[in-house]
Structure formats: structure tokens, C-alpha cells
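Input: a single structure, listed below in C-alpha cells.
Atoms within a ligand are numbered from 1 in the order they appear, just like the ligands themselves. Not measured: the values here are computed from a predicted model.
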Amino acid sequence: MADISRDVVVIGAGAAGLTAANDLRKAGLSVAVLEARDRVGGRLWTDVIDTAMLEIGGQWVSPDQDALIETIAELGLTTFSRYREGDSVYVGPDGVARRFTGEMFPVAPETERVIAEITERLDAMVAEIDPDRPWEHPKAQEWDEISWDAWLRAQTEDDEAVRNLAFATGSAMLTKPTHAFSLLQSLLMAASAGSYSNLVDADFILDKRVVGGLQQVPLLLAERLGDDVLLNQPVRRLEWNDGSVVAETDEHTVRARFAILAHAPILYNRISFVPPLPRRQHQLHQHLSMGFVIKVHAVYDRPFWREQGLSGTAFSPYELSHEAYDNTNHGDERGTLVGFVSDRNADDLFTLSAEERRERILESLSHYYGPEAKNPVVYYESDWGSEEWTRGAYAASFDLGGLHRYGPDLRTPVGPIHFACSDMAGAGYQHVDGAIRMGRLVASAIVSASRESGAVLESAS
Ligand code: FDA
């Protein structure tokens, strides 16, 4: 058992925790980062599976994600654009694959008109939402008490329009059934990306990737912290009072003036707080839950779809894999497709054997790209639902009514305990950009608090 003293103990070595730790160090405070896993990065994880380099977790960067873009540049990493030459594919209710270009799916003219009109309405509503404080909108309560599905169905009877509109924040982002979260939660998701239109624009939201994988961001941030990052150290107990904390793992005790809980809020209850967190936090944390999506990687000896003039971009609210993209690595001769299976479809798939799952998913991909899609040389399913220290994907969101009720206290510190995670971000919500923003925010709050208290800081030992 080692006894360590630092100014700040950071719990979790994901993008949020490592950003906070680096910022605190720069401000002259000493840190220890305790990470449960045997690696850093959390939901950012690049690995080689059967000879293919795969980004098992987060990977894309969009042009509005300033905090992530700055970090990537500062770490000396380079980016490349997602392949997008050629036609996209849409599969409608008749099961027919249709090619299209631009953002509007090839639907009937009346459906197209309805989608465009509701999109305009949504953009106007989103423009009124402050992603950092969606609960302050005058209609926050009203919009938080109606489900995303019910609101859309009240706008139109066109089922295909509803499914396509619902998709952007539903299967594609919050990865929950659209009856399970509110209109307000949906507007927050869109506001966090600048607008609803940005969110449905794959060329915007899925713009770039980092050469070598996005996990390099946490890997390089951790490298700067050296021995102050301790792996295989799940924090089991956090004792706290107004002026100090003691974090305990199975091997270490870290005494500090502040703690940062830098992981998904659904995991707070894995830690015994002594004394317990206040009742408000006990309540609010129970109203958050993780979405669930399977990210499917299929690698082929060549990007065969490009030969057919296809970009690889494919959507269908009627398909098991509701969206799929060309995910070929930078400079790779082989071609990679990435597909996503979300919420109830993901639940259902995990009742099947691995072979049946693979068959069903590849069958779905073949509806977009033809029979060749059924024969990848490497196939892999990212299953974050079975990861003890994540438990879902992509991130956590509130249940119906929870956002306006509890959102204002999501980031409120409890004594010396501060909270930082992508799952509580405004801009960049549920994304790495949001994790970095939250890491920065919490570090600056702690630096201010420690200056205000005027106490002598512990120096790194
Ligand atoms: P994160 O969960 O990454 O880190 C928390 C860390 O805390 C983990 O390492 C965990 O092990 C640790 N921990 C938990 N409990 C602990 C305890 N008790 N003691 C010690 N350590 C503990 N984003 C994006 O911008 N672009 C994208 O393309 C995607 N795509 C995507 C795909 C998939 C499949 C996933 C799962 C996620 C994405 N995302 C994404 C989301 C993005 O990856 C995510 O929002 C951030 O990486 C979250 O970073 P955080 O640091 O907030 O938490």
C-alpha cells in the first residue's frame, strides 16, 4: 500500500481527466490520476484486431470542435478526411437501395417537404437553446416532459419523415429508443453541435480522423504526466470533508485537497463516498443512463464500394445497421466499413450467437453495398456494454423529464469533489471535444478555488 499526497486526485484517465490533470500541472498544482483499467483513454481505444488497426471507441472530429482540434494540434497529431467521393445510399421502407448525393434522402417529394419544414423548425428551436444551460429555456419543462418521438409524431403523420428526423439524435447519437428521452434532450444534443442541420450532415459531424487513431490524444496527454498516472487502480472509496479528500484503491491511498470524478456519471455508485454524497446527487445520478450502440468494423481486401461510385455513406431507419461509412485507415490499401446497430436492435442482437450476429449485420451491410459486403477479411464488434468501466455507448443522458429537473446540478461541485466528463458537457456533449472542455473547466475552477483559499499547496512528491 502506497500513501501518496497531491493537490488533486483525478479519478479516470479518459480525455476529461487527463486534460484536467495537465491543466492543473501547468498551473503549478500536483496531481495523481487513478485509472481503473490497464490502459488510458477510456472510451478512446485503438487496437490491432487480426492485423487491422481499429478505432474501437471514439474517432471522428468535426469542424466546430475547437477544444479537440486545439488539443490535436498542440499534441502534433495530424488529421485526414473521411472518404466521401461518390454517391450515398438510402434504403427506404420498400427495402430498395437508392443512391443520392447531398443531405436529403431520396424520399417522396411530400416526405422531403415535411422533413425540410420540420428541420427548419428544429433549427430555430435549437438556436434558442444554450447547450450549457438548456434548462434555462422558458419552455424547458414543457419540452422535457414530451418524448422526442411524441413531439415528432405531433408534427406530422408521415412515418418515413418521423423516422428520418428522429434518427439524428436517436439511433445515431443518444442511442436510445426515441420514446425514452425528451424533446429538450434532443435539442441539447443538436445545440451541442451548433444546430440540428449540423447533426444530420455526416460531412460535418463525421469530418476528420486522426492519423494513427484518436486514442493518441489521451496517450500523449498521459505521457506528459509520467508516473503520476497509475493504471489498474479502480477507486473504491472516497472520504471527504470541506477541505480534503482521501481516495482509496486496492493498492494506494491518495490524500489531496480536491478530487475530480472524471468518468461516466453512471459509475459514481461504484465508489463508496464517506460521508455519502448529498441526497440531490443521489437522486440526479439515478436519472442518467447510458445509451447502447454496437460499432461494427468490417475490413475488406480493397474498398470495393468505391469501384461502384459509392462513397460508403449509407443510411436507413429500416435497416439493422442504421448508418454505415467508409472507415478506411489513412494510407491503407484495404477498405474498412463501419456500421452501427443501436438501442433495441443492439439488445436483440446480443440474444443471438456471435455467428448469427455477424451474419445478420453483414446481411444488413450488403443491402447498402451489395453481396461483397458479406465477406470481410476482418470483422469486429465494439461492445462497450460489457465494459465494466463504461457500460454502454456512446454516453449518458437523462430520462424523460430529468434534464430540466436535475441538469442544473450535474456539474455543481460537492465540497472538494468536482465532476468532469463528456456526458455533462454543453458544446461537444457526448463527444471528446466536450470531455476536453469539461476537463479544462474543472481544472480552472479548482485553480481558482485553491487560490481563493490561499492555503499552501502540497508539492509533488
Ligand atoms: P471516459 O469514459 O473516456 O473516461 C473515464 C475513465 O475513467 C475510463 O478510463 C474509466 O476506466 C475510468 N474509471 C471509471 N470509473 C473509475 C473508478 N472508480 N476508478 C478509476 N477509474 C475509473 N466521440 C467523438 O468525439 N467522436 C466519435 O466519433 C465518437 N464515437 C464513439 C464511438 C464509440 C463506440 C464510443 C463508446 C464513444 C464514442 N465517442 C465519440 C464518445 C467519446 O469517446 C467519449 O465521449 C469520450 O471519450 C469520453 O471521455 P471522458 O474522459 O469523459 O470519459
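Every atom of ligand 1 is numbered from 1 in the order shown, and the set under 4.0 Å from a heavy atom of Ile56 is 34 (C). Atoms of ligand 1 found under 4.0 Å from any heavy atom of Ile11, numbered from 1 in the order shown, are 17 (C), 19 (N), 20 (C). The ligand atoms of ligand 1 that sit less than 4.0 angstrom from a heavy atom of Tyr394 are 31 (C), 32 (C), 33 (C), 35 (C), 37 (C), 38 (C). For ligand 1, the atoms lying closer than 4.0 Å to a non-hydrogen atom of Leu34 are 20 (C), 21 (N). Of all atoms in ligand 1, numbered sequentially from 1 with element shown, those under 4.0 Å from a heavy atom of Gly42 are 3 (O), 4 (O), 8 (C), 9 (O). If you number the atoms of ligand 1 from 1 as listed, the ones under 4.0 Å from a heavy atom of Ala393 come out as 36 (C). Of all atoms in ligand 1, listed by their number and element, those nearer than 4.0 Å to a heavy atom of Gly57 are 31 (C), 32 (C), 33 (C), 34 (C). Ligand-side atoms of ligand 1 in range of Cys421: 52 (O), range being under 4.0 angstrom from any heavy atom.
For the atom pair CG (Asp423) and CE (Met290), the distance works out to 5.5 Å, reported to the nearest 0.5 Å. One finds the CZ atom of Phe105 at 4.5 Å from the CG atom of Asn164 (value rounded to the nearest 0.5 Å).
Protein heavy atom closest to atom 39 (N) of ligand 1, with residue, atom name and distance, is Gly58 CA, 3.7 Å. Scanning the protein for heavy atoms near atom 5 (C) of ligand 1, the closest one is Ala262 O, 3.3 Å. When hydrogens are left out, the protein atom nearest atom 25 (O) of ligand 1 is Val432 N, 3.0 Å; that is the closest non-hydrogen contact. Here the heavy atom of the protein found nearest to atom 12 (C) of ligand 1 is Glu35 OE1, 3.3 Å. Trp60 N, 2.8 Å is the protein heavy atom nearest to atom 28 (O) of ligand 1. The nearest heavy-atom contact from the protein to atom 2 (O) of ligand 1 is Arg43 NE, 2.8 Å. Looking from atom 46 (C) of ligand 1 to the surrounding protein, the closest heavy atom is Ser422 OG, 3.9 Å. Looking at atom 41 (C) of ligand 1, its nearest protein heavy atom turns out to be Gln430 O, 3.4 Å.
The two residues Val229 and Ala13 make their nearest non-hydrogen contact at CG1-CB, 4.4 Å. For the residue pair Lys295 and Gly57, the shortest heavy atom distance occurs at NZ-O, 2.7 Å. Of all the heavy atoms in Ile205 and Trp60, the pair that sits closest is O-CB, 4.1 Å. Nearest heavy atom pair, residue Leu29 against residue Asp7, reads CA-OD2, 3.3 Å. Counting all heavy atoms, side chain and backbone alike, Glu55 lies closest to Val210 at OE2-O, 4.4 Å. Contact record, Ile436 with Ala67: CG2-CB, 3.9 Å, taken as the closest heavy-atom pair.
Look at Ser382 and you'll find every heavy atom at least 4.0 Å from all atoms of ligand 1. The shell of residues lying under 4.0 angstrom from ligand 1, judged by heavy atoms, excludes Gly439. Judged by the shortest distance from any of its heavy atoms, Val40 lies outside the 4.0 Å radius around the atoms of ligand 1. The closest approach between any non-hydrogen atom of Arg236 and ligand 1 is not below 4.0 Å. Ligand 1 does not have Ala395 within reach: every non-hydrogen atom of the residue lies 4.0 Å or more from it. The closest approach between Pro234 and ligand 1 falls below 4.0 Å for a heavy atom of the residue. Residue contact annotation: Leu44 has a non-hydrogen atom under 4.0 Å from ligand 1.
The number of heavy atoms from other shown groups lying within 6.0 Å of NE2 (His330) does not exceed 12.
Considering backbone and side-chain atoms alike, Gly392 places every N or O at 3.5 Å or more from each N or O of ligand 1. The shortest N/O to N/O separation between Ala36 and ligand 1 falls below 3.5 Å. Polar contact check, Arg270 against ligand 1: no nitrogen or oxygen pair lies under 3.5 Å apart. Annotation: Asp433 places no N or O atom under 3.5 Å from an N or O atom of ligand 1; distance criterion only. For a threshold of 3.5 Å applied to N or O pairs, the pair formed by Gln59 and ligand 1 contains at least one separation below that value. At a 3.5 angstrom cut-off on N or O pairs, Leu267 does not count as close to ligand 1.
No part of Thr249 comes within 4.0 Å of ligand 1, judged by heavy-atom distances. Proximity of Trp384 to ligand 1, defined as any heavy-atom pair under 4.0 Å, is confined to the side chain (atoms from C-beta onward).
At least one cation-pi condition fails for Arg209 and Phe80: the charged atom is not both under 6.0 angstrom from the six-membered ring centre and inside a 45 degree cone around its axis. For the pair Arg411 and Phe419, the NZ or CZ position fails the cation-pi test of under 6.0 Å to the six-membered ring centre and within 45 degrees of the ring normal. Both cation-pi conditions hold for Arg39 and Trp45: the charged atom is under 6.0 angstrom from the six-membered ring centre and inside a 45 degree cone around its axis. For the pair Arg270 and Trp389, the cation sits on the ring face: its NZ or CZ lies under 6.0 Å from the ring centre, inside 45° of the axis.
Note on ring orientation: taking the six-membered ring where Trp is involved, the planes of Tyr369 and Trp305 are tilted (angle from 30° to 60°). Ring geometry, Phe315 versus Phe100: the interplanar angle falls from 30° to 60°, so the pair is classed tilted.
Using a distance-only test at 3.5 Å, with no hydrogens or angles considered, no donor-acceptor pair links the side chain of Lys176 to the main chain of Ser171.
A salt bridge links Arg236 with Asp250: the distance from a Lys NZ or Arg NE/NH1/NH2 to an Asp or Glu carboxylate oxygen falls below 4.0 Å.
At a threshold of 4.5 Å between non-hydrogen side-chain atoms, the residues Thr46 and Ile56 do not count as touching.
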